[in-house]
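The structure presented is a predicted model; accordingly, all values stated were derived computationally and were not measured.
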Amino acid sequence: MDVETGMRQIDEAVRNTVGAQNYDEGTEAEYRQVLKEVESIAGGGAVEDVVGWISGEVRGEESLPSKNAVEERAAQICRDYDEEIPSSSRLANA
């Protein structure tokens, strides 16, 4: 899955569950940046896994996962794909 497809799925989950008024440009930008990092580290399969997790959290918890939670989960998914996270990545300390 590519980043844009993933963002559309997240946007849909947010609109249908918590409402767009709770989803500001900053949060959207954070999610997009994390997906770009994941794509560059571990590829489209990992992006799909992160999108699935975010969407599941939105639907299940009826709230937006925090930036830190998304970064931690994304880092774990990259590691699950046996990819090393570069020290320069925003996911390196997650």
E12 side chain near R8 side chain, heavy-atom distance below 4.5 Å: no

To the nearest 0.5 Å, how far apart are CD1 in I41 and CD1 in I85? 5.5 Å

Which distance, rounded to the nearest 0.5 Å, do you find between the CD of E28 and the CG of D11? 5.0 Å

Taking the side chain as C-beta and beyond, is there a heavy-atom pair between V38 and L91 under 4.5 Å? yes

Check: Y31 and L64 side chains under 4.5 Å, non-hydrogen atoms: yes

Which heavy atom in M1 sits nearest to a heavy atom in E39, and how many Å separate them? O-OE2, 4.3 Å

When the side chains of residues 68-83 are checked against the rest of the protein, which donor-acceptor pairs come out under 3.5 Å, sequence neighbours left out?
{"residue": "E71", "atom": "OE2", "partner": "R90", "partner atom": "NE", "Å": "3.0"}
{"residue": "E71", "atom": "OE2", "partner": "R90", "partner atom": "NH2", "Å": "3.2"}
{"residue": "Q76", "atom": "NE2", "partner": "D80", "partner atom": "OD1", "Å": "2.8"}
{"residue": "R79", "atom": "NH2", "partner": "A94", "partner atom": "O", "Å": "3.2"}
{"residue": "Y81", "atom": "OH", "partner": "G45", "partner atom": "O", "Å": "3.1"}
{"residue": "Y81", "atom": "OH", "partner": "A46", "partner atom": "N", "Å": "3.4"}
{"residue": "Y81", "atom": "OH", "partner": "D49", "partner atom": "OD2", "Å": "2.9"}

Is the shortest side-chain heavy-atom distance between L35 and I10 below 4.5 Å? yes

Spatial distance of atom CZ (R32) from atom CE (M7) [nearest 0.5 Å]: 4.5 Å

S55 side chain to G52 backbone, donor-acceptor under 3.5 Å: no

Sequence neighbours excluded, which residues qualify as side chain to side chain contact (heavy atoms under 4.5 Å, CB included) partners of T17? V58, R59, E62

Quick one: pull up NZ in K36 and OG in S89 and give me the separation to the nearest 0.5 Å. 14.0 Å

